[in-house]
**Q** 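Take this structure, written in structure tokens, and hold onto it; I'll ask about it next.
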Amino acid sequence: MLYKILLGIIALIINVVNGPTRYEYDDDFDPSKTYLVIGPHRSLLDPIFVALALRPKQIAFIAKKELLANKFLTWFFTSINIIPVDRENPGPSTIKDAVRTLKEGDKYVGIFPTGSRYSDEIKPGAVSIAKMGKVELLPVNYQGPIEIKDIFSWKREDRAKVRVGKPIQIPDVKRLTEEDTLAVHQAIQDAFDANDRLIDPNYQYDMAAAIAKRDAKRAKKGK
């Protein structure tokens with residue numbers, strides 16, 4: 001209930017402060033199916049817009065365990081379906097929870113395969129979860145304001161855009177080889193690139209600027 005209420009309020013606020021979000025859907029997307037939702041991680045806003053694009057079905061996002069810093073935050077993030085993961089030392093419980101959620105079928109599971117906004121290296125977790133859950137990968141890209149403060153703009157060029165892309169199948173084999181996994185990783189990257197081009201062929205995410213901004217914040221905190 002909390003998930004639906006919060007997302008409804010957020011959708012209303014975004015429509016007021018940023019204008020109507022543009023949503024696009026590939027013809028092969030079937031909302032009646034259960035997917036492992038994946039996307040390039042560029043902003044703290046990514047999960048919000050991915051969740052908005054896939055309503056009314058809910059998403060259980062895999063997110064860093066640091067979000068559950070106290071009892072209130074644990075209650076809050078658990079109430080909105082967060083599956084915690086230790087990014088430094090991911091354990092089997094996270095995969096087990098994600099696979100169980102997929103097999104129950106009433107929610108999608110969401111994961112950002114790079115694990116961070118400051119990397120473009122696709123890690124193997126998404127492929128493993130999709131394989132064990134027997135679902136396809138659903139690539140979803142968000143383009144728009146990177147900083148939360150920038151969402152408060154009605155400029156057309158700053159309005160949020162989201163594309164739900166063509167689902168990616170996991171090879172139907174008993175055990176994935178290293179070559180199989182690498183092939184799926186390439187398919188993921190190709191799907192992200194295709195989504196970006198279809199939304200805006202001129203779009204580019206400036207990762208170097210994002211890393212520089214992060215490092216500047218860390219340096220300031222260290223003083």
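Keep in mind that what you see is a predicted model, and the values were worked out from it rather than measured.
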**Q** Salt bridge between Lys33 and Asp30, side-chain N to carboxylate O under 4.0 Å?
**A**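 The answer is no: the pair does not qualify as a salt bridge.
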**Q** Would you say that more than 12 heavy atoms from the other residues, nucleotides or ligands in this model lie under 6.0 Å from the CD of Glu104, or not?
**A**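 For Glu104, atom CD is crowded (more than 12 foreign heavy atoms under 6.0 Å).
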**Q** With the side chain counted from C-beta on, respond yes when Pro40 and Asn141 share a heavy-atom pair under 4.5 Å apart, and no when they do not.
**A**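 Yes. Closest side-chain heavy atoms under 4.5 Å.
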**Q** Could you check whether any side-chain N or O of Lys161 sits under 3.5 Å from a backbone N or O of Arg159, counting only pairs where one atom can act as donor and the other as acceptor?
**A**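 Indeed, once roles are kept as given, a pair shorter than 3.5 Å links the two residues.
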**Q** Using the rule that Ile, Leu, Val, Met, Phe, Trp and Tyr join whenever any side-chain heavy atoms are under 4.5 Å apart, tell me whether Tyr205 and Ile199 fall into a single cluster.
**A** no
**Q** Could you tell me whether a side-chain N or O of Asp180 sits under 3.5 Å from a main-chain N or O of Thr177, the two making a donor and an acceptor?
**A**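 It does hold such a pair.
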**Q** Should the pair Tyr25 and Phe29 be assigned to parallel (<30°), tilted (30 to 60°) or perpendicular (>60°) ring geometry?
**A**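 Judged by the thresholds at 30° and 60°, the geometry between Tyr25 and Phe29 is parallel.
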**Q** Does a side-chain heavy-atom distance below 4.5 Å link Val173 with Leu176?
**A**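 Yes, at least one pair of side-chain atoms sits under 4.5 Å.
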**Q** Among all residues two or more places apart in sequence or in another chain, which pass the ring-ring contact (aromatic ring centres under 6.0 Å, His included) test with His41?
**A**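 Phe112.
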**Q** Between Asp46 and Ser43, is there a donor-acceptor pair closer than 3.5 Å when you use the side chain of the first and the backbone of the second?
**A** yes
**Q** Is there a continuous path of hydrophobic side-chain contacts, each under 4.5 Å between heavy atoms, that joins Leu138 to Val135?
**A**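 Different clusters.
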**Q** Apply side chain to side chain contact (heavy atoms under 4.5 Å, CB included) to the pair Tyr23 and Leu52, showing each step before the final yes or no.
**A** CA-CA 9 Å; Tyr23 297 105; Leu52 288 171; 3.3 Å; yes
**Q** Closer than 4.0 angstrom, basic N to acidic O: yes or no for Lys166 and Glu136?
**A**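 Answer for the salt bridge query: no.
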**Q** Is the number of heavy atoms from other residues, nucleotides or ligands within 6.0 Å of CG (Asp172) greater than 12?
**A**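 Result for CG/Asp172: open.
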**Q** For the OG1 atom of Thr114 and the OH atom of Tyr118, what is their distance to the nearest 0.5 Å?
**A**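 One finds 11.0 Å between OG1 of Thr114 and OH of Tyr118.
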**Q** Can you spot which of Ile168, Ile170, Ile38, Ile122 makes a side chain to side chain contact (heavy atoms under 4.5 Å, CB included) with Val127?
**A**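 Of the listed options, the one satisfying the test is Ile170.
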**Q** With rounding to the nearest 0.5 angstrom, report the CD1 to CD1 distance, Ile151 to Ile146.
**A** 10.0 Å
**Q** Hey, is the main chain of Gly115 close enough, under 3.5 Å, to the side chain of Ser119 for a donor-acceptor pair?
**A**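 No.
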**Q** Would Phe61 and Phe192 show up in the same hydrophobic cluster when neighbours are defined by side-chain heavy atoms closer than 4.5 Å?
**A** no
**Q** Quick one: do the Thr34 and Lys107 side chains pair a donor with an acceptor below 3.5 Å?
**A** no
**Q** Is any side-chain heavy atom of Lys4 less than 4.5 Å from a side-chain heavy atom of Gln58?
**A**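 Yes, their side chains come closer than 4.5 Å.
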**Q** Over all heavy atoms of both residues, which pair between Leu137 and Val184 is shortest? Give the atoms and the distance, please.
**A** CD1-CG1, 3.7 Å
**Q** Walk me through whether Thr21 and Phe49 qualify under side chain to side chain contact (heavy atoms under 4.5 Å, CB included).
**A** CA-CA 9 Å; Thr21 301; Phe49 282 99; 3.5 Å; yes
**Q** Do you know the tightest heavy-atom contact between Tyr142 and Arg42?
**A** O-NH1, 3.6 Å
**Q** Work out which heavy atom in Leu36 is nearest to a heavy atom in Ala126; give both atom names and the distance.
**A** CD2-O, 3.1 Å
**Q** Minimum heavy-atom separation for Pro145 and Asn18, please, with both atom names.
**A**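 Closest approach of Pro145 to Asn18, heavy atoms only: CG-ND2, 4.1 Å.
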**Q** Measuring only between side-chain heavy atoms, which start at C-beta, is Gln189 closer than 4.5 Å to His185?
**A** no
**Q** Counting heavy atoms not belonging to Glu178, are there more than 12 under 6.0 Å from its CD?
**A** no
**Q** I would like to know whether Lys213 and Glu147 meet side chain to side chain contact (heavy atoms under 4.5 Å, CB included); could you show each step before the answer?
**A** CA-CA 11 Å; Lys213 186 174 291 187; Glu147 301 289 340; 3.4 Å; yes
**Q** Check for me, please, whether Met132 and Tyr35 land in the same ILVMFWY cluster - side-chain distances under 4.5 Å, paths through other members count.
**A** no
**Q** I'd like to know if the side chain of Asn195 reaches the main chain of Val164, judged simply by a donor and an acceptor atom lying under 3.5 Å from each other, with no hydrogens or angles considered.
**A**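 Not confirmed, Asn195 side chain does not pair with Val164 backbone.
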**Q** Flag the pair Arg55 / Lys57 as yes when at least one side-chain heavy-atom distance between them is below 4.5 Å, and no otherwise.
**A** no
**Q** Any side-chain heavy atom of Lys64 sitting closer than 4.5 Å to one from Leu67?
**A** yes
**Q** Counting only heavy atoms not in Gln204, do more than 12 fall under 6.0 Å of its CD?
**A** no
**Q** If you look at every heavy atom in Asn15 and Pro20, which pair is closest and at what distance?
**A**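 Closest approach of Asn15 to Pro20, heavy atoms only: OD1-CA, 3.4 Å.
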**Q** Side-chain heavy atoms under 4.5 angstrom apart, residues restricted to Ile, Leu, Val, Met, Phe, Trp, Tyr: same cluster for Val16 and Leu6?
**A**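 Same cluster: Val16 reaches Leu6 through Ile, Leu, Val, Met, Phe, Trp or Tyr contacts under 4.5 Å.
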**Q** In the structure I gave you, are the side-chain heavy atoms of Lys65 and Val85 within less than 4.5 Å of one another anywhere?
**A** no
**Q** Verify side chain to side chain contact (heavy atoms under 4.5 Å, CB included) between Tyr3 and Ile59, making sure each step is shown before the conclusion.
**A** CA-CA 9 Å; Tyr3 182 103; Ile59 306 176; 3.9 Å; yes
**Q** With a 4.0 Å cut-off on N to O distance, would you call Arg163 and Asp26 a salt bridge?
**A**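 Yes, this pair counts.
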**Q** If I compare all heavy atoms of Ile111 with all of Ile62, which pair ends up nearest, and what's the gap?
**A** CD1-CD1, 4.0 Å
**Q** Using 0.5 Å steps for rounding, measure from the CD1 atom of Ile188 to the CG atom of Asp193.
**A**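 Those atoms lie 12.0 Å apart.
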**Q** Output all residues satisfying side-chain hydrogen bond (donor to acceptor under 3.5 Å, both in side chains) with Arg197, sequence neighbours left out; order by chain, then residue number.
**A** none
**Q** Decide yes or no for Tyr108 and Val50: does some side-chain heavy atom of the first lie under 4.5 Å from some side-chain heavy atom of the second?
**A**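 In short, these two side chains do not touch, never coming nearer than 4.5 Å.
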**Q** Keeping Thr94 on the side-chain end and Pro84 on the backbone end, is there a donor-acceptor pair under 3.5 Å?
**A** yes
